[in-house]
Amino acid sequence: MAKKERPIQGAPTARDFKGDVNPDWCPGCGDFGVLNALQNAYAKIGRGNHDHLTVSGIGCSSNLPGFINTYGMHTLHGRSLAVATGAKLANHDLNVVVTGGDGDGYGIGGNHFIHTMRKNIDLLYIVMNNETYGLTIGQASPTTVIGEKTKSTPFGNIETPLNPVAMAIVSGATYVARAFSSEGKHLAELMYNGMQHKGFAFIDVISPCITWKDKGEFKIFDHWKERVNFLEDHDTSDKAAALEQAVKDGHETQLGLFYHDTSRPSLDQMEPVLENGPMAHQPLGVTPEQGSAIIQRMM
Amino acid sequence: MAKYDFVIAVGGAPGQGIDTVGKSMSQIFARHGLHVYTYSAYQSLIRGGHTFLTVRISSEPVANHGDEIDLIIALDRNSLEKHLPHVRPGGALIYNSDDVRKQAPERDDIQLCPISYKELTGDPDRKKRMLNICTFSVALNLVGGDLKVLEDIITLTFLKRKGQEVVDANIAAARAGYNYASEHFTPFDTKAEKREPALAFTEGNGAMAMGGAAAGVKFYCAYPMSPSTGVLHWMAAHARDLNIMVRQCEDEISVVNMVIGAAHAGCRAMCATSGGGFALMSEAIGSAGMMEIPIVVINVQRGGPSTGLPTKTEQGDLWQLLGASQGDFPKIIVAPTSIMDGFHTIPELFNLVDKFQCPGMVLSDLTLSMGFTTFEPDSINWQPEIDRGELITELGEMDGEYLRYQITGSGISPRALPGTPGHVHVVATDDHDEDGGLISDEFTNPHKRRDIMEKRQRKMDGIVELLPPPTLEGSEDAEVTLIGWGSTHGVISEAAQTLTEDGITTNHIQFKWLYPMDEDTVNEVLAKVGHAIIVECNYTGQFARFLRGETGFKADGHIRKYDGEPFMPHHIVDGARELLIGKTELYVPYQEIVV
């Protein structure tokens with residue numbers, strides 16, 4: 001899985017962000033569409049490969065940093081947002097994108113999900129939501145619907161799935177969207193805008209798992225294609241309206257940008273210690289003058 | 001001047017300002033140029049409960065709270081009743097006579113020093129805000145200290161925050177107490193005379209935080225947990241002045257993972273917690289080992305297991321650190337041997353973890369972290385050597401393809417920071433190839449796994465070469481050897497001296513760098529021991545078992561304390577005598593002062 005950084009000639013293209021390793025996802029997986037859209041979004045930003053950091057947790061979709069040509073961190077299960085927060089606050093010049101699945105982000109990483117949004121850390125977080133634990137061969141996840149039979153719910157799931165978009169809006173994310181992996185252009189545009197947004201940008205991507213969801217005549221992609229609609233006539237600056245759209249029950253699922261708050265500064269913008277630039281580039285240690293001032297207060 | 005060695009204890013309730021008494025007492029005597037060591041026995045309550053602070057004052061550097069109390073200040077009735085027996089014969093007890101309802105305290109072998117707060121101050125407030133000042137000034141008179149020092153501290157403390165009126169009222173209270181004592185009480189024979197230079201003072205957690213700042217920590221985060229929170233408070237208070245990113249996180253899992261992210265992006269990054277928080281960090285500490293990211297994690301031990309004793313001390317987490325996280329990976333464990341050693345240890349450890357790209361863990365405990373000590377201002381080196389190891393931050397000349405985990409003889413692979421052109425790579429918690437490619441899943445390859453495992457573990461050879469072995473303190477042919485680790489250095493050292501003075505020649509080995517341990521060099525030191533006694537603050541003899549596992553060394557006896565209170569020198573002296581008789585191999589001292 002060598003990652004040779006090829007010099008980019010002219011404006012970068014999606015090809016410049018293609019990794020040297022082919023994805024190990026099942027043929028037909030929704031995650032291919034997400035990877036492709038992300039390569040396009042990175043290219044559109046126009047910076048070098050080394051200016052981006054792609055951080056993931058553990059799971060099928062979290063293998064993504066291995067398949068893309070940027071700096072990458074393949075962290076522990078559920079911990080990608082905490083690691084990415086540390087990296088971003090250490091060097092806010094980096095464009096930090098976090099990718100992962102619903103089990104990783106909404107299950108084991110649920111606490112970090114809430115608090116990273118609350119802190120409005122300047123990240124783009126892309127969750128490939130397939131409503132299952134794919135890599136552990138198909139158990140119920142936090143987004144599995146009621147009644148669904150899985151290996152861990154052989155008699156049907158009785159737990160209510162969480163609503164990631166609504167959760168993001170109330171938790172303090174400042175850019176909240178839902179997308180579908182088959183709608184690549186729409187997804188890439190949301191990703192690009194999410195990267196450009198100063199603050200926590202979140203995209204819940206319906207990224208179906210054919211391996212554990214296709215059952216006989218039931219095809220998961222067809223199921224979603226029938227259900228998705230694009231949000232229309234919606235004011236993305238209206239938080240209450242965004243929440244209303246997010247909690248709508250029913251057969252149809254809305255895609256698009258639900259909420260966009262451009263008024264709230266991101267944490268790095270509010271932190272005075274970053275006034276002189278990224279923390280990682282600051283001189284280390286304590287000057288003799290600072291040292292004697294500290295000692296004076298200890299006498 | 002003759003050696004001065006005096007112990008004052010202050011009893012009261014939290015909320016009576018007793019939390020700042022340790023600081024105030026340290027400040028008063030540090031300004032006299034005297035050395036101070038404090039130990040605060042307290043409870044996990046914000047209001048109610050009881051706190052008992054012991055302050056040892058000496059003309060020589062002092063590293064434990066001693067055996068006897070010369071003078072007790074009882075700030076409330078509870079303290080008066082509880083601690084009356086704890087004053088040594090010939091000592092004194094200061095108390096507020098307003099507290100006494102029926103019977104005044106009785107002891108004919110000590111000097112009883114009642115003062116009436118109401119009469120001395122005119123009782124300006126029902127909260128007795130100036131009681132501490134009043135009683136301190138009485139104590140200051142009894143030990144022959146300088147009232148001007150207390151007055152200066154009052155001005156320094158209150159002028160900016162509360163104004164001249166409060167300063168004047170407190171100085172009046174201090175003078176009233178001091179003068180009342182002159183007229184009514186007999187001062188001690190030995191005096192706390194002023195010396196040069198005046199000293200500075202710090203809490204143990206503050207010393208480690210200062211060490212972090214000096215080492216170039218640019219990212220610190222934490223979740224509040226006693227008794228480690230002082231590090232967070234110091235860092236937060238100094239963040240802006242010293243340009244350090246300081247964050248409070250949602251839990252310790254987030255804390256350590258943020259530290260890993262910040263360290264990977266190029267900052268020297270650190271966090272501190274106690275045993276429970278450390279348990280949550282375990283998995284990520286292994287991930288720092290696997291991704292080869294240098295981090296420093298401080299574990300300030302408190303009594304365990306589980307929530308345990310939040311406000312009491314123990315050395316019970318050694319095996320937790322040794323076993324932290326699954327699998328084998330290079331790591332360093334160090335236990336500072338004094339409060340100021342905490343300051344020096346952090347930069348030393350950062351240089352090691354940067355060089356070897358692995359997690360470093362510091363084992364402190366409540367005794368060390370929440371105690372105060374004095375130090376000479378000039379003894380602080382704010383510019384310790386900073387060695388970031390093999391770090392790549394710019395494109396430079398490249399010799400072929402960059403391999404993040406290049407297999408090298410030392411096991412150290414040059415580390416490129418994200419943002420550096422030409423060195424794009426992925427770090428992974430799955431095991432990986434030289435270039436970061438996963439070897440789990442479909443890439444699994446036993447030969448690559450063996451190579452990369454051996455590469456990582458080779459770093460341990462380099463680490464062990466750089467860690468200094470423990471030294472034998474005292475005569476080489478002593479009858480008894482006391483062996484300890486970490487925070488107990490000061491108290492064991494004093495016990496060894498007392499035993500030697502009493503005719504039982506005793507020397508002392510204190511372990512600081514615990515892991516990795518070099519069998520040969522440690523065995524060379526251990527070859528010279530007398531009747532070997534391992535002294536530690538836990539039930540199962542965690543260090544004794546570890547030392548035996550690493551070196552095959554079996555001690556002759558053990559002194560263990562696990563009641564939550566730290567050793568006093570006589571606990572060890574009595575234990576050594578008992579163990580020498582040979583009837584038992586384990587001595588558990590009795591804790592006389594119960595708070």
Side-chain angles (χ1 to χ4, degrees), chain A residues 1-5 21 24 48-51 53-55 58 63 65-66 69-76 78-79 81-91 93-94 111-112 114-115 271-274 276 278-288 290-296 298-299, chain B residues 30-31 198 200-202 210 213-216 218-219 238-245 247 250-251 253-254 257-262 264-269 283-284 287 291 377 380 382-383 386 401 417-430 433 435-438 441-443:
Chain A
M1 191 154 78
K3 287 222 157 194
K4 292 171 210 90
E5 188 175 355
V21 172
D24 56 358
N49 307 76
H50 59 271
D51 294 317
L53 177 64
T54 313
V55 184
I58 294 296
N63 285 348
N69 192 14
T70 68
Y71 277 98
M73 296 185 83
H74 192 171
T75 74
L76 291 172
R79 311 302 165 209
L81 283 174
V83 174
T85 298
K88 183 72 189 187
L89 296 180
N91 184 356
D93 271 357
L94 294 169
N111 202 20
H112 310 307
I114 296 166
H115 289 278
E271 179 52 81
V273 301
L274 295 180
N276 301 323
M279 215 19 96
H281 301 162
Q282 300 305 307
L284 302 188
V286 176
T287 64
Q290 289 170 328
S292 28
I294 292 168
I295 298 284
Q296 270 312 310
M298 303 172 93
M299 292 189 74
Chain B
R31 285 192 167 210
F201 65 96
T202 181
M210 275 161 56
K218 284 284 147 197
F219 190 97
H238 292 83
R240 300 229 173 142
D241 283 351
L242 300 179
N243 206 38
I244 300 170
M245 170 66 73
R247 304 251 57 91
E250 60 268 23
D251 56 33
I253 301 177
S254 178
N257 281 286
M258 270 197 208
V259 161
I260 288 170
H264 182 62
C267 285
R268 276 196 161 176
E283 187 190 19
S287 82
M291 294 189 284
I380 288 289
W382 285 108
Q383 277 81 43
I386 293 180
E401 184 192 350
L417 299 184
T420 310
H423 294 78
V424 161
H425 65 272
V426 177
V427 295
T429 59
D430 287 74
D433 202 347
D435 65 7
L438 306 191
D441 301 344
E442 66 175 273
F443 301 99

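All chains are named by letter (A, B, ...) in the order of the sequence lines, taking the proteins before the strands, and each is independently numbered beginning at 1.
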His423(B) side chain reached by Leu417(B) side chain, heavy atoms, under 4.5 Å
no
A side-chain contact here means heavy atoms from C-beta on lying under 4.5 Å apart; do Met73(A) and His264(B) qualify?
yes
Tell me, side chain or backbone of Leu242(B) under 4.5 Å from chain A's heavy atoms, or both, or neither?
both
For Val427(B), is it the side chain, the backbone, both, or neither that has a heavy atom closer than 4.5 Å to a heavy atom of chain A?
both
The interface call for Leu94(A) against chain B, heavy-atom contacts under 4.5 Å, is side chain
Answer with yes or no whether the side chains of Thr429(B) and Ser287(B) bring together a donor and an acceptor at under 3.5 Å.
no
For the candidates Asp51(A), Leu81(A), Thr75(A), Thr54(A), which exhibits the highest count of non-hydrogen atom pairs separated by less than 4.5 Å from chain B?
Thr75(A)
Heavy atoms only, distances under 4.5 angstrom: which of Met299(A), Gln296(A), Gln290(A) has the most pairs with chain B? Name it, please.
Met299(A)
Determine, stepwise, if the pair Asn243(B) / Met279(A) fulfils side-chain contact (heavy atoms from CB on, under 4.5 Å).
CA-CA 8 Å; Asn243(B) 206 38; Met279(A) 215 19 96; 4.1 Å; yes
Say you draw a straight line from CG of Asn63(A) to CG of Asp24(A); how long is it, rounded to the nearest 0.5 Å?
4.5 Å
Which atoms of Ala30(B) come close to chain A, meaning under 4.5 Å heavy atom to heavy atom: side chain ones, backbone ones, both, or neither?
neither
Any idea which of Glu250(B), Lys218(B), Glu283(B) has the most non-hydrogen atom pairs under 4.5 angstrom with chain A?
Glu250(B)
Exam field: side chain Glu271(A) to backbone Met245(B), donor-acceptor pair closer than 3.5 Å:
no
Contacting moiety of Ile294(A), where chain B heavy atoms sit under 4.5 Å
side chain
Name the region of Thr287(A), side chain, backbone, both or neither, that has any atom closer than 4.5 Å to a heavy atom of chain B.
backbone
Contact class of Pro278(A) relative to chain B, heavy atoms under 4.5 angstrom:
neither
Considering only heavy atoms, which portion of Gln383(B) lies under 4.5 Å from any heavy atom of chain A: side chain, backbone, both, or neither?
side chain
Between Asn49(A) and Asn69(A), is there a donor-acceptor pair closer than 3.5 Å when you use the side chain of the first and the backbone of the second?
yes
Contact summary for Ala262(B) and Ala269(B), nearest pair of heavy atoms
CB-CB, 4.2 Å
Applying a strict 4.5 Å limit to non-hydrogen atoms, the region of Arg31(B) in contact with chain A is side chain
So, do His112(A) and Ile253(B) sit near enough that their side-chain heavy atoms are less than 4.5 Å apart?
yes
Greatest number of heavy atom pairs closer than 4.5 Å to chain B - which of Ile295(A), Asn91(A), Asp93(A), Thr85(A):
Ile295(A)
Name the region of Ile58(A), side chain, backbone, both or neither, that has any atom closer than 4.5 Å to a heavy atom of chain B.
side chain
Considering only heavy atoms from C-beta outward, does the side chain of Arg268(B) approach that of Phe219(B) to under 4.5 Å?
no
Between chain A and each of Ile260(B), Ile244(B), Val259(B), count heavy-atom pairs under 4.5 Å; write down the option with the most.
Ile244(B)
